[in-house]
Amino acid sequence: MKGKELFKMVVILGIMTIHASIQAQNLTMDAELRTRSELKSGFKKPLTNDEHDAFVSTMRSRLNLLYSDDKMEASLRLQDARTYGETGTNDTKSSLGLYESWAKYKFTPEFSATLGRQSLEYDDKRIFSSSNWSNTGNSHDLLLLKYDTKNLKVHVGSAWNNASEVLSESAYSVSKSYKSLNYLWLDKPLGKLDLTALWVNDGFQRGTTPDLLDKLSYRNTVGGNLLYSDKKQPLYLYATGYFQFGHSASDKSLSAYLLALKAKYKITPIWTVTMGTDYFSGSKSDLEAGKDRTFNKLYGVSHSFNGSMEYWATLPTQGLFDLFGGIKYAPNAKFDIDATYHNFSLAEKLATSDSKALGSEIDITANYKVSSQFSIQGGWSAYFKTDQTDIIKKQVGVETKFAQWAYVMLTFKPKFLASK
């Protein structure tokens with residue numbers, strides 16, 4: 001965005017804010033200024049002995065406006081994401097963009113419609129997530145219908161994408177995203193249990209030739225979650241199951257699944273232990289051409305599952321089995337620290353190895369809430385690879401360093417305006 005355009009936008013936002021603060025029933029204006037500094041010595045894949053560790057700092061800035069009254073809500077969130085130093089000291093280019101821009105109309109207190117660019121988060125954020133760890137985050141251009149009551153929640157979303165304002169249908173391949181998206185989410189409380197169900201149908205452009213412009217490959221994901229939680233009991237259970245069928249984004253016949261179970265037990269008010277497992281189906285090495293058995297994690301968060309070093313953020317073709325356990329210490333509301341151990345293996349064997357072992361990872365994360373508007377997070381992780389890790393990462397016969405990663409993240413959330 002050019003400097004003049006940016007200046008105009010800031011002026012318009014200022015006028016909107018002044019006008020809205022006078023007339024709006026409820027207007028809030030706040031921001032997020034987040035800097036994360038990372039020491040990367042094997043993040044996502046081991047470094048070779050010839051490569052040097054990287055020290056990188058990134059910054060994400062967001063300006064958030066939210067208006068609401070009895071019948072409607074509207075949100076505008078501007079975002080700038082950059083690496084420290086990428087623009088230089090005299091570079092005037094800007095990476096300012098739009099993260100969210102939506103309006104919601106409430107037909108009744110229970111039924112509403114939201115239209116525009118919006119982030120989506122459901123359940124444990126495994127399938128749909130705003131991906132807050134990412135500097136850019138995830139958001140979707142869609143229409144979302146909601147029916148929310150105490151006893152039942154029903155959400156229906158629908159999207160149809162084009163790369164530009166075309167006059168006739170054209171091939172769509174923006175960042176390998178979907179051409180169409182439709183989903184249905186249900187949430188039903190059952191006493192101490194909470195049951196959710198999700199169906200996602202996303203369509204991908206099958207080809208770029210004229211005869212394929214109106215033909216899509218449709219992938220279906222069906223499943224849900226069962227949560228057990230009781231404030232009077234120290235045990236928390238979360239079970240997940242999904243099945244995928246139809247065709248993958250590359251138009252292969254798809255049949256895949258995900259099974260997961262997570263348990264937390266509060267030993268004392270300040271100590272909590274966690275155990276769990278994730279199993280993603282995979283494709284055998286001799287699988288027939290044109291078929292796919294590897295589960296796709298769709299639009300969920302990668303950093304919160306299967307290790308903080310993100311070695312398996314993109315699943316191996318052979319699938320993944322993650323067995324993990326951890327412990328958390330939280331002496332007060334301001335500070336907590338946890339350590340988690342992951343043991344990884346393939347769901348299906350490689351063609352060149354009888355072993356499925358993919359190695360293990362240790363993640364240590366600490367959080368300190370300095371105030372309501374300032375927080376600090378830091379962490380250290382290490383990955384212990386195997387021969388199969390080298391095969392998947394295409395580093396067979398290559399000498400690599402001990403893989404580790406550390407970071408410190410500072411988050412400021414100033415509140416500029418809150419009026420009624």
Practice task
Report yes if the side chains of Y299 and I127 come closer than 4.5 Å at any heavy-atom pair, otherwise no.
Solution key: no

Exercise for the section: Would you please test S355 and S353 for side chain to side chain donor-acceptor pair (under 3.5 Å) and show each step? Expected result: CA-CA 5 Å; S355 175; S353 175; 5.0 Å; no

Exercise for the section: For a side chain to side chain contact (heavy atoms under 4.5 Å, CB included) with Y383, tell me which candidate from D363, T389, I362 qualifies. Expected result: T389

Practice task
Taking the side chain as every heavy atom from C-beta outward, state whether L193 and L227 have any pair of such atoms under 4.5 Å apart.
Solution key: no

Handout entry: Plane angle bin for H342 and F344 - parallel if under 30°, tilted between 30 and 60°, otherwise perpendicular
Key = parallel

Problem - Heavy atoms of other groups near Y147 OH, more than 12 under 6.0 Å - result: no

Exercise for the section: May I ask you to test the L63-L76 pair for a side-chain heavy-atom distance under 4.5 Å? Expected result: no

Problem - Sub-6.0 Å ring centroid separation between F243 and Y257 - result: no

Handout entry: Greater than 12 external heavy atoms within 6.0 Å of M275's CE
Key = no

Exercise for the section: With K393 as the cation and W312 as the aromatic partner, state whether NZ or CZ is under 6.0 Å from the six-membered ring centre and within 45° of the axis. Expected result: yes

Problem - T83 side-chain N/O to E86 backbone N/O, donor-acceptor pair under 3.5 Å - result: no

Practice task
Return yes if a side-chain donor-acceptor contact under 3.5 Å exists between R82 and N135, otherwise no.
Solution key: no

Exercise for the section: For residues M309 and G42, report the shortest heavy-atom separation together with the two atoms involved. Expected result: CE-O, 3.2 Å

Exercise for the section: Assess the pair Y122 and H155: is the distance between their ring centroids shorter than 6.0 Å? Expected result: yes

Problem - Distance, nearest 0.5 Å, that separates CG of L254 from CG of D251 - result: 11.0 Å

Problem - T294 side chain to S283 side chain, donor-acceptor N/O pair below 3.5 angstrom - result: yes

Exercise for the section: Run the numbers on K401 and D53 for salt bridge (Lys or Arg N to Asp or Glu O under 4.0 Å), then give the verdict. Expected result: CA-CA 10 Å; K401 299 179 179 179; D53 298 350; 3.6 Å; yes

Practice task
Would you verify whether the NZ or CZ of K264 falls within 45 degrees of the ring axis of Y236 while also being under 6.0 Å from that six-membered ring's centre?
Solution key: yes

Practice task
Indicate yes or no for a side-chain donor-acceptor contact from T277 to the backbone of D322 under 3.5 Å, with no hydrogens or angles considered.
Solution key: yes

Problem - Validation row: F128, V200 side chains within 4.5 angstrom (heavy atoms) - result: yes

Handout entry: Exercise: do S139 and R117 side chains pair donor with acceptor under 3.5 Å
Key = yes

Problem - Residue pair W380 / A406: nearest heavy atoms and the distance that separates them - result: CD1-CB, 4.1 Å

Practice task
Decide yes or no for K179 and W160: does some side-chain heavy atom of the first lie under 4.5 Å from some side-chain heavy atom of the second?
Solution key: yes

Handout entry: Under 3.5 Å side-chain donor-acceptor pair for S130 and S119
Key = no

Problem - Heavy-atom neighbours of K106 NZ exceed 12 at 6.0 Å - result: yes

Problem - Q118 side chain vs L142 backbone, donor-acceptor pair below 3.5 Å - result: yes

Exercise for the section: Establish, from distance only, whether the side-chain atoms of S134 and T136 form a donor-acceptor pair under 3.5 Å. Expected result: yes

Problem - Side chains of W133 and M409 in contact at under 4.5 Å (non-hydrogen atoms) - result: yes

Exercise for the section: Output, in order, the C-alpha distance, side-chain angles, deciding distance and verdict of side-chain contact (heavy atoms from CB on, under 4.5 Å) for T272 and Y265. Expected result: CA-CA 6 Å; T272 304; Y265 189 83; 6.0 Å; no

Exercise for the section: Check the pair L417 / L27 against side-chain contact (heavy atoms from CB on, under 4.5 Å), numbers first and verdict last. Expected result: CA-CA 7 Å; L417 177 67; L27 176 75; 3.4 Å; yes

Problem - Flag for N182-S158: side-chain donor and acceptor within less than 3.5 Å - result: yes

Practice task
Decide whether T314 and K297 meet the rule of one side-chain donor and one side-chain acceptor closer than 3.5 Å.
Solution key: no

Handout entry: Donor-acceptor contact present, side-chain S281 to main-chain R293, <3.5 Å
Key = yes

Problem - Pairwise side-chain contact, L65 with S75, heavy-atom cut-off 4.5 Å (strictly under) - result: no

Practice task
Could you note down all residue pairs passing salt bridge (charged side-chain N to carboxylate O under 4.0 Å, His left out) where residues 123-134 supplies at least one of them, sequence neighbours left out?
Solution key: E121-K125, D124-R126, R126-D278

Exercise for the section: Please assess Q404 against L47 for the test side-chain contact (heavy atoms from CB on, under 4.5 Å), listing each intermediate value before the final yes or no. Expected result: CA-CA 10 Å; Q404 57 181 327; L47 288 184; over 6 Å; no

Problem - SB check R60 D80 (cutoff 4.0 Å) - result: no

Handout entry: K413 vs D30, salt bridge (Lys or Arg N to Asp or Glu O under 4.0 Å): CA-CA, chis, key distance, verdict
Key = CA-CA 7 Å; K413 293 185 176 182; D30 56 37; over 6 Å; no

Handout entry: Face-on cation placement of R219 at F245 ring, 6.0 Å and 45° thresholds
Key = no

Handout entry: Sidechain N-carboxylate O distance under 4.0 Å for K146, E110
Key = no

Handout entry: Donor-acceptor pair between Q377 and Y407 side chains, under 3.5 angstrom
Key = yes

Handout entry: Exercise: identify the closest heavy-atom pair between N296 and Q244
Key = O-NE2, 2.7 Å

Practice task
Flag the pair K188 / N151 as yes when at least one side-chain heavy-atom distance between them is below 4.5 Å, and no otherwise.
Solution key: yes

Handout entry: Under 3.5 Å side-chain donor-acceptor pair for S129 and S131
Key = no

Practice task
For T35, enumerate each residue passing the side chain to side chain donor-acceptor pair (under 3.5 Å) test, keeping only those at least two apart in sequence or located in another chain.
Solution key: Y84

Exercise for the section: Report yes or no: does R206 contribute a side-chain atom to a donor-acceptor pair with the main-chain N or O of L216 at less than 3.5 Å? Expected result: yes

Practice task
Can you measure from OG1 (T221) to CG (D202) and round to the nearest 0.5 angstrom?
Solution key: 6.0 Å

Completion exercise
Between G282 and E348 the two heavy atoms that sit nearest each other are O-CG, 3.6 Å

Problem - Residues K71, D69: salt bridge by 4.0 Å N-O rule - result: no

Problem - Trace of the side-chain contact (heavy atoms from CB on, under 4.5 Å) decision for L237 with L235 - result: CA-CA 7 Å; L237 293 172; L235 181 63; 4.2 Å; yes

Handout entry: Within 6.0 angstrom of K415 NZ, more than 12 heavy atoms from elsewhere
Key = no

Practice task
Look at the side chain of K252 and the backbone N and O of H247, then say whether any donor-acceptor pair between them is shorter than 3.5 Å.
Solution key: no

Handout entry: Closest approach of N138 to Y99 (non-hydrogen atoms, all atoms of both residues)
Key = O-OH, 3.1 Å

Practice task
Return yes if a side-chain donor-acceptor contact under 3.5 Å exists between Y242 and N225, otherwise no.
Solution key: yes

Handout entry: Geometric cation-pi criterion, R77 with W102: 6.0 Å, 45°
Key = no

Practice task
State plainly whether the residues D148 and K153 are in salt-bridge range, i.e. N to O under 4.0 Å.
Solution key: no

Practice task
Consider only side-chain N and O atoms of Y178 and Y172, and report whether a donor and an acceptor are under 3.5 Å apart.
Solution key: no

Handout entry: Any side-chain donor near an acceptor of the partner, E310 and S302, under 3.5 Å
Key = no

Exercise for the section: Measure across A113 and L143 and return the closest heavy-atom pair with its distance rounded to 0.1 Å. Expected result: CB-CD1, 4.4 Å

